[in-house]
Amino acid sequence: MTGDAGAEAMKGNAPAQLEVRGVTKAFPGCLANDDISFRIEPGEIHALLGENGAGKSTLVKIIYGVLQADQGDLIWEGKPVTIHSPHDAREMGVGLVFQHFSLFETMTVLENIALAMNDVRDMAVLRQKVIEVEKTYGLPLDPDRHVYTLSVGERQRIEIVRCLLQNPKLLILDEPTSVLTPQEVEKLFETLRRLADEGCAILYISHKLHEVKALCQRATVLRGGKVVGGCDPREETAKSMAEMMIGQKLVAPDRGKQREFGDVRLDVTDLSLISDEQFGTHLKNINLQVRGGEIMGVAGVAGNGQNELFQALAGETEHEAAPDSIKIDGKSVAHFGPRRRRRLGAAFVPEERNGHGAVPDMSLSENGFLTAFRRMALAARGLIREVPTRSFADNIIKTFDVRTTGSGAEAGSLSGGNLQKFIVGREILQDPGVLVISQPTWGVDAGAASAIHQALLDLAAKGTAVLVISQDLDEIFAICDSVVVMSEGKMSKPRPMADVSIEEIGLLMGGLHDLEADATPANDTAEVGGRVGQA
Amino acid sequence: MVRLEPRRQHSQAMVYLSPVLAIFMTLVVGGIIFAFMGKNPFDALYTFFILPINNSYGISELFVKATPLVIIAVGLSLGFRANVWNIGAEGQLTMGAIFGGGLALYFHDSESAFLLPAMFVLGAIGGAFWAAIPALLRTKFNANEILTSLMLTYVATLFLSFLVHGPWRNPEGFNFPESRPFPDAGLLPIIYDGTRVHLGTAVAVFVVIAGWLLLSKSVIGFQLRVVGKAPQAARHVGFRQKRMVWFTLLLGGALAGLAGLFEVAGPIGQLQPSISPGYGFTAIIVAFLGRLHPVGILFGGLIMALTYLGGELAQITLGLPNAVTGLFQGILLFFLLACDVLTKYRIRFGSTAAKGRTA
């Protein structure tokens, strides 16, 4: 009945805050949790490690009462409990910050928070409490903003705030730091350590193993729905934990020999854009040049203009920018749509896979056709050429080791990592001269992430200019040659990766610009016009 | 307890089974309704669904009724695929009949072989013109095409009524509100002697094949599907939604206009205040019954045509009201939409605990 981690944890005699005993949960076609056992003591920060699809989310949903286990027991403070719903879970004192936000877009921040509370009597009191928590934990958030106007990062803040409001006894955090700056992460960790000192148990789920190492006292590792081991993260290296997660040796991306950079292939000059969205971020005077063979990272907290930058580069927004403000291989393209930009050899991978980078209801074959039909000549006389279309998809599947039943499978049936490999592969096989890729490994398992990183490095080695927009600083440090930081729609000057420290990037992410770069106060959100020419 | 459980992948089997299931359930509910009306349900269903097609003339009539339904539904389905909800095919049909029929009336003593082809063209233009108005309003002012196309239907039918009561009334027609009969050169040739099956039926088959090619094999059909399923992905690769709105509305309007012309130049032979028993609306059901797929629409069109024939026969032999036709059509659409849930979900019986034991 008890797994390795459970046996190891049986040492203490005091009842655990939560003990999971033999939990099993099956979905059609997969066993998501297979006889999982472990325990979390009060005041302990416990890491749950595992790749995407290892069963972490399912387990969390069972603990939070969203799903019911097929078999097994949950023991809360020594007593077996049945958790029928999230309401029950909150009543008991379980708080959860979901990885995928469960927010109502058309309601305000405060209303969303109120919805997740078990009893709200007075909105004014709640507002006061929210503002207090925000202040205490450094999570700035306007309670009256509508959620649909918020960035990913801000949405996550709502989740964190609404959990902290309930004084939980067990706080579960699912990938909470992906939208925070290093300084904010440190601040969150202080908060979590304080909570733990107050006796709150914390179940911490993250891919970022050095964070786990810095924060957690114990870890349970899941693979394929089973507990495969436990460890003390403080005594392990990030590499050894990663290998435990994926069950094989981890190969660091091979950066090859120092690449020679060629001519500028992607040239953005003084790009300023007013966002169409009511609360979107305006782009202010963006400048960057990416040379052939160079991988440039765009760091920054989500919602600081990265989406707008991506859309402007991909040509998704029909805008009034000067034609010269974006050049691909020397050609002015800012007035072109996506198809003409692609014809010039540019390729784009958006952050969101389902519905943006791929059509979930369509087959992989059709999804390959989606962006490649011109460059790969998959259409003739207005008709789809079936055979080359299918073999292009097959080629992607083979080259990038996409795990699927075949090119006829619907894109939506693939796991996040596999679909991302397919989308990245689709663009890389088109042999682009410029690749702009947003959050290349967001929500992707370690195996797929390292494959994607390697593919980007190989692509750059062939002379492509690659722009990586990422919130994951590890990723930027792992693959980029240079870095720029976005904050409030502005961009810092490019810096070679070798010359810049993680603290400096963190400060830039927080909006503190170099004195020489910009003298205007950072809280000024005035129109673009006022900024032009100052940077 | 009965629960719906999401499927990992859409069930292909249910895509085809759900219309069959819907038809079956319609028959059951229809039978119950007949029983409540004091008729023997089996007799009534027999009269409604079998009697109309138990002879060759009946089958030919089925094709005559199915022709406009299929032509219109193929056009509508392309729009529906792209999330363009043209509900006003009835109006576009009427406008097509007015444009094409107007030409026949203007040349009412013509014997030219060019008259009929010219009527085809004008009929299609008339329908497309009427659909262009919602397209313009949608793309320029973001006005919902469901409302605009629907409202324009009433404008079109009233306009037709005005014409046949006034300027286009047959001067030799004893003041009846109808136009001159079209000249022979403006009538569709019968392609099967002794029936009313006309050239339009052959065109309908052609439309099905062309629609299938367009939807499944062409780049523009691919764009339609992407725009409908994932608008953001469409924007990402530069498929313009506005262009799809124009394309599908114009094409759907043109086909509806053509179908309208076929009615007045075929079975009717002149303009009347009423030229369609709601083909433009029924075609919406046909499009969904046929899974928005041209080949499916061919079958869907035949089934809905049967409800028209059955309704007529039920009036004559059973003394049931004509509303029975609309009733059956509504029930069918209702069950169809309900059964569609099964392509994405499966039904599970029993509680979660029971399922746990089997897992």
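Residue numbering restarts at 1 for every chain, and letters A, B, ... go by the order of the sequence lines.
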Original post:
Taking the side chain as C-beta and beyond, is there a heavy-atom pair between B:Val226 and A:Met362 under 4.5 Å?
Top reply: yes
**OP:** Would you mind reporting whether A:Pro338 and B:Val237 have side-chain heavy atoms less than 4.5 Å apart?
**Re:** no
Subject >> Residues B:Phe239, A:Leu370; criterion side chain to side chain contact (heavy atoms under 4.5 Å, CB included); working and verdict >> reply: CA-CA 10 Å; B:Phe239 297 162; A:Leu370 183 65; 4.0 Å; yes
Subject >> Exceeds 12 heavy-atom contacts within 6.0 angstrom, atom CZ of A:Arg343 >> reply: yes
Subject >> NZ/A:Lys226: more than 12 non-hydrogen atoms of other groups inside 6.0 Å >> reply: no
Of the non-hydrogen atoms in [X] and [Y], which two are nearest, and what is the gap between them?
X        : Y        : answer
B:Val219 : A:Phe369 : CG2-CZ, 4.0 Å
A:Ala358 : B:Ala233 : O-CB, 4.5 Å
B:Ala230 : A:Gly355 : CB-O, 3.7 Å
A:Ile384 : B:Ser216 : CD1-O, 4.1 Å

Per-residue contact mode, [X] against chain B (heavy atom under 4.5 angstrom):
X        : value
A:Phe310 : side chain
A:Phe348 : both
A:Glu386 : side chain
A:Arg339 : both

Subject >> Pairs of heavy atoms under 4.5 Å with chain B: top-ranked of A:Ala314, A:Pro350, A:Ala379 >> reply: A:Pro350
**OP:** Enter the distance from A:Gln311:CD to B:Gln232:CD here, rounded to the nearest 0.5 Å.
**Re:** 7.0 Å
Subject >> Interatomic spacing from CZ in B:Arg225 to CG in A:Asp361 - rounded to 0.5 Å >> reply: 11.0 Å
